[in-house]
Amino acid sequence: MTPSPPPLQALQWDLFCRVIDNFGDVGVCWRLAAQLAGRGQRVRLWVDDASALQWMAPAGCPGVELRAWGAPAPAPHERAPDVLLEAFGCEMDPGLLASSVHRSGATGRKPVWINLEHLSAEPHAERNHRLPSPITSGPAAGWTRWFFYPGFTPATGGLLREPDLLARRSAFDRMGWRKALAASHPQGGSGEGCRWMSLFCYEPPALAELLAQSQSQSRCTRLLVTPGRAALAVQAALAPRAVERAHPQHGQLAVVCLQACPQPAFDELLWACDFNAVRGEDSLVRALWAGQALVWQPYPQDDGAHHAKLWAFLDWLQAPPALRQFHARWSGLDSAPLRWPGDDTLAEWSACVQAARARLLVQDDLATQLLGFVLEKR
């Protein structure tokens with residue numbers, strides 16, 4: 001692990017986020033904003049749809065201020081940004097950029113301008129990480145915007161990880177959590193002796209096959225379904241009216257429909273389960289830190305670009321053949337029958353994830369690397 005950067009003064013970070021059609025964009029940006037604030041930084045988070053934060057982060061975070069997309073630029077008495085960070089190429093409001101250029105002219109100091117890219121294990125993440133993009137026209141002509149790529153290898157920007165995350169993971173009372181959930185959903189059974197699986201997905205092509213197999217297994221499966229697209233996908237895959245109640249039973253399959261929850265509670269859900277189905281970027285990272293067997297569904301793209309993203313991730317993960325095959329069928333890249341993993345297979349997959357987690361833990365996290373990068377460029 002590289003040495004931690006020297007302490008930074010409290011800089012003003014302006015983070016920009018546009019929510020497309022899911023929760024991952026604002027989820028990643030909120031985690032980053034909170035982690036920066038936890039290290040003494042001041043953050044303004046500009047977001048066009050902050051509604052999901054009502055349940056993701058209901059208590060807010062000291063040091064993080066929400067601003068609506070399109071709101072006026074910071075007033076003269078407010079601190080000018082030291083860092084401009086556009087998440088996922090969202091392109092900040094031109095008025096805000098013009099205001100920042102104007103104020104920097106008075107101080108003679110330009111903010112560090114960063115484009116935080118999407119997470120990928122593909123080779124372009126290492127190749128393009130930290131590359132400059134000179135601005136040749138417009139009010140910011142002469143400035144430089146820097147590409148910053150999160151990633152899984154030392155040649156990238158790392159992953160979001162709170163300093164106390166692994167300590168909280170180690171102290172987590174898994175059985176106590178399961179007993180509490182079983183008590184609140186008694187119609188789904190006690191959960192004793194069951195396999196526990198979380199489901200946070202889009203619409204996996206193999207979902208109906210997995211549900212059908214779960215109903216006929218010799219061992220029960222307790223499926224914890226997150227609200228939104230995952231719940232709708234389960235409803236479509238099961239018989240009509242099958243999931244109108246919060247905890248229907250289908251043979252050996254008990255379905256528990258969950259409510260939206262804060263980010264720390266979502267982490268606990270992943271810690272509590274034997275097998276986690278996750279999607280997009282944010283929940284994939286949280287599932288890696290959980291250290292349990294996982295199946296990941298990347299965001300489907302019309303041009304099929306998510307296929308290469310999935311295979312690159314599985315290569316980095318050093319996934320065993322059975323896990324690669326399950327992923328291929330889960331995302332519709334293979335028509336071979338789905339094979340529901342037994343205990344030995346789940347143990348092999350969990351060991352694979354834990355080995356990958358160990359590789360990640362010797363690398364600096366994303367917030368630490370961003371802080372070091374800003375210190376370097378100021």
Side-chain angles (χ1 to χ4, degrees), residues 23 27 55-59 162 164-201 207 210-211 213-228 230-231 233-235 237-238 242-279 282-296 340-351 353-354 357:
F23 308 131
W55 51 267
M56 275 189 191
E162 299 85 354
D164 65 343
L165 177 62
L166 271 294
R168 290 191 289 113
R169 172 73 178 92
S170 297
F172 176 65
D173 182 1
R174 192 183 203 202
M175 296 313 298
W177 190 97
R178 289 184 175 188
K179 289 178 180 178
L181 186 132
S184 65
H185 297 80
Q187 291 90 334
S190 67
E192 295 180 6
C194 283
R195 178 186 294 111
W196 290 64
M197 177 178 176
S198 71
L199 184 67
F200 182 55
C201 62
L207 178 60
L210 179 138
L211 296 176
Q213 289 190 24
S214 300
Q215 295 176 53
S216 59
Q217 293 288 308
S218 59
R219 184 179 176 189
C220 65
T221 296
R222 195 170 181 82
L223 184 68
L224 310 185
V225 183
T226 57
V234 171
Q235 186 172 13
L238 292 173
V243 292
E244 288 185 358
R245 294 173 290 124
H247 24 247
Q249 186 82 30
H250 303 271
Q252 289 287 71
L253 172 65
V255 178
V256 177
C257 295
L258 304 175
Q259 300 295 316
C261 65
Q263 288 181 328
F266 181 75
D267 288 338
E268 293 184 346
L269 168 66
L270 301 179
W271 300 345
C273 289
D274 304 301
F275 187 27
N276 293 308
V278 291
R279 75 186 199 199
D282 184 54
S283 62
L284 169 61
V285 173
R286 308 316 287 190
L288 287 169
W289 297 136
Q292 301 299 128
L294 65 86
V295 59
W296 175 51
W340 177 250
D343 290 347
D344 290 345
T345 299
L346 283 178
E348 179 189 32
W349 294 0
S350 294
V353 174
Q354 289 163 18
R357 181 176 65 181

Checking side-chain contact (heavy atoms from CB on, under 4.5 Å) for the pair Val255/Arg222: CA distance, chi angles, key distance, verdict? CA-CA 6 Å; Val255 178; Arg222 195 170 181 82; over 6 Å; no
For Glu162 and Trp289, run side-chain contact (heavy atoms from CB on, under 4.5 Å): C-alpha distance rounded to whole Å, both residues' side-chain angles, the deciding distance at 0.1 Å, then the answer. CA-CA 10 Å; Glu162 299 85 354; Trp289 297 136; 5.8 Å; no
side-chain contact (heavy atoms from CB on, under 4.5 Å) between Leu269 and Trp177: does it pass, once the steps are laid out? CA-CA 9 Å; Leu269 168 66; Trp177 190 97; 3.8 Å; yes
Verdict with reasoning, Trp55 to Cys261, per side-chain contact (heavy atoms from CB on, under 4.5 Å): CA-CA 6 Å; Trp55 51 267; Cys261 65; 5.8 Å; no
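With contacts defined as side-chain heavy-atom distances shorter than 4.5 Å, the pair Leu224/Leu181 qualifies. The shortest distance between side-chain heavy atoms of Gln252 and Gln215 does not fall below 4.5 Å. Gln354 places none of its side-chain heavy atoms less than 4.5 Å from the side chain of Trp349. Residues Cys220 and Leu253 are not in side-chain contact: their nearest non-hydrogen atoms beyond the backbone lie 4.5 Å or more apart. Taking 4.5 Å as the limit, every side-chain heavy atom of Trp271 sits out of range of all side-chain heavy atoms of Arg174. For the pair Met197/Cys273, no side-chain contact is recorded, criterion being any heavy-atom separation below 4.5 Å from C-beta on.
With respect to the salt-bridge test (charged N to carboxylate O, under 4.0 angstrom), the residues Asp274 and Arg178 qualify.
Put simply, the side chain of Asn276 never gets that close to the backbone of Leu294: no donor and acceptor are under 3.5 Å apart. Remark: side-chain polar atoms of Arg219 are paired, donor with acceptor, to backbone N or O of Gly193 under 3.5 angstrom. The closest donor-acceptor contact from the side chain of Gln263 to the backbone of Ala57 lies at 3.5 Å or more, if one exists at all.
Minimum heavy-atom separation, Ser350 to Ala293: OG-N, 3.0 Å. When all heavy atoms are compared, the tightest approach of Val278 to Leu284 is CG2-CA, 3.9 Å. Smallest separation of non-hydrogen atoms from Gln259 and Pro227: C-CG, 3.8 Å. Here the shortest heavy-atom pairing between Ala287 and Val353 reads O-CG1, 4.2 Å. A pairwise comparison of heavy atoms in Leu199 and Thr226 identifies O-OG1, 2.9 Å as the closest pair. Here the shortest heavy-atom pairing between Arg169 and Gln292 reads NH2-OE1, 3.0 Å.
In this structure, the side-chain hydrogen bond (donor to acceptor under 3.5 Å, both in side chains) partners of Asp267, at least two apart in sequence or on a different chain, are Arg286.
Atom-to-atom distance recorded for Phe266:CZ and Ser198:OG is 6.5 Å, nearest 0.5 angstrom. The CG atom of Leu223 lies 11.5 Å from the SG atom of Cys194; values are rounded to the nearest 0.5 Å.
Counting non-hydrogen atoms of neighbouring residues, nucleotides and ligands closer than 6.0 angstrom, the CG atom of Asp164 exceeds 12 such neighbours.
Tested against Phe275, the residues Leu346, Thr221, Thr345 include a single side chain to side chain contact (heavy atoms under 4.5 Å, CB included) partner, Leu346.
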